[in-house]
S.K.: 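Encoded as structure tokens, here's the structure I'll be asking about.
Positions are given from 1, in the same order as the sequence printed here. Heavy atoms only: backbone and side chains are in, while hydrogens, waters and symmetry mates are out.
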Amino acid sequence: MKTILVLALALQLAAVALAQTVSPSAPPAAPQIADVRSGELRLKGYFWKPAGSGPFPAILFNHGSGADDPQHTTGRTMAQAASDLAPVFLRHGYAFFSLCRRGQGLSADQGPFTQDLLKQAEANGADRRKQLHYQLITGRQLDDALAGLTFLKAAPDVDPKRIAIVGHSFGGMLTLLSGDHDSTIRAEVAFAAGANSWRASEELRGRTLAAVGKTAAPIMLVYAANDYDTTPGKDISTELDRLHKSHLLKIYPAIGKTSDDGHSLLYLGISEWEPDVFQFLDDSVKH
């Protein structure tokens with residue numbers, strides 16, 4: 001009888017430990033600070049791996065660029081943004097790598113901040129800003145995102161054949177533009193992609209539609225109904241329908257009271273998107 005009681009207590013303690021491990025409110029362990037080469041630059045990022053032995057499926061996260069200073073994104077610090085998302089992916093068994101692209105977060109010393117560059121360009125007119133935005137998102141910033149993918153493929157305990165890209169806003173667009181550069185990507189999930197830029201640039205729309213047309217991976221497009229603009233998701237979904245390519249468009253009910261809140265669905269509405277996104281990722285990446 002004593003043996004049975006001890007065993008039962010051990011099982012109860014194990015269940016408690018497991019519940020603590022997967023609790024949505026449990027903060028992640030301190031991340032590894034990873035070094036990434038992008039051309040001549042030395043970028044850094046936050047890297048977490050699940051408990052246990054790998055190789056693990058992994059996520060490259062492309063952060064947004066909208067903030068007042070290089071250390072923030074979407075109303076939170078870069079470190080907090082990464083720490084808010086990491087436990088969500090870890091509890092589903094994914095390694096999570098949030099790269100800080102040049103000029104932002106841990107890589108603030110590796111180039112000018114994107115928003116500073118755009119403000120300077122805007123002083124010479126809206127067309128100049130639009131042109132620079134296109135150059136950055138299809139050039140240097142995309143180079144950094146692809147460098148992050150190269151790093152993740154070679155990282156210890158990561159399965160290089162089971163990698164997906166997730167991005168938000170500007171980073172969502174980088175996610176969609178990455179697919180025609182690397183056919184090994186298993187899935188793409190873009191939150192609020194193009195909500196601030198889609199209508200303003202015919203050139204960017206054309207480039208993005210061409211990229212998703214060449215992308216082998218299934219694509220998930222995620223918006224809140226009160227984001228600045230859900231048109232990009234609808235346009236991209238229509239194009240993927242036309243091409244008979246695997247994809248999913250999810251427009252969730254409005255969150256919060258403003259378009260800023262809607263644009264922050266990734267952070268404010270985790271409980272809303274988590275089941276759908278991980279069903280999509282698990283089907284596309286794990287199996």
S.K.: How close do Ala193 and Leu176 get, counting heavy atoms only, and between which atoms?
M.R.: CB-CD1, 3.9 Å
S.K.: Given side chains that start at C-beta, do those of Ile33 and Leu106 come closer than 4.5 Å, heavy atoms only?
M.R.: yes
S.K.: Within the structure provided, determine whether Val36 and Leu99 are in side-chain contact (heavy-atom separation under 4.5 Å).
M.R.: yes
S.K.: Can Arg76 be said to sit on top of Tyr267's aromatic six-ring, NZ or CZ under 6.0 Å from centre and within 45° of the ring axis?
M.R.: yes
S.K.: Can you pull the side-chain hydrogen bond (donor to acceptor under 3.5 Å, both in side chains) pairs that have at least one residue in residues 99-108, sequence neighbours excluded?
M.R.: Arg101-Gln141, Arg102-Asp144
S.K.: If two hydrophobic side chains count as joined below 4.5 Å and joins carry through other members, does Ile185 share a cluster with Ile163?
M.R.: yes
S.K.: Do Phe191 and Leu221 come close enough that some side-chain heavy atom pair is under 4.5 Å?
M.R.: no
S.K.: I'd like to know whether the aromatic ring centres of Phe89 and Phe61 sit less than 6.0 Å apart in this structure.
M.R.: no
S.K.: Under 3.5 Å, is there a donor on one side chain and an acceptor on the other for His263 and Asp260?
M.R.: no
S.K.: Looking at every heavy atom in both Pro31 and Trp48, which two are closest together, and how far apart are they?
M.R.: CB-CE2, 3.4 Å
S.K.: Has Gln80 got more than 12 heavy atoms of other residues, nucleotides or ligands less than 6.0 Å from its CD?
M.R.: yes
S.K.: Strictly below 4.0 Å, N to O, side chains only: are Lys119 and Glu122 in salt-bridge contact?
M.R.: no
S.K.: Whether the Thr215 and Lys245 side chains hold a donor-acceptor pair (N or O, under 3.5 Å, no angle test) is what I'd like checked.
M.R.: no
S.K.: Parallel, tilted or perpendicular: which describes the rings of Phe170 and His133, with under 30° parallel and over 60° perpendicular?
M.R.: perpendicular
S.K.: Report yes if the distance between the aromatic ring centroids of Phe151 and Phe97 is under 6.0 Å, otherwise no.
M.R.: yes
S.K.: List the steps and the verdict of salt bridge (Lys or Arg N to Asp or Glu O under 4.0 Å) for Asp229 and Arg199.
M.R.: CA-CA 9 Å; Asp229 188 7; Arg199 292 179 186 269; 2.9 Å; yes
S.K.: For Leu142 and Ser178, which heavy atoms make the closest approach, and how far apart are they?
M.R.: CD1-OG, 3.7 Å
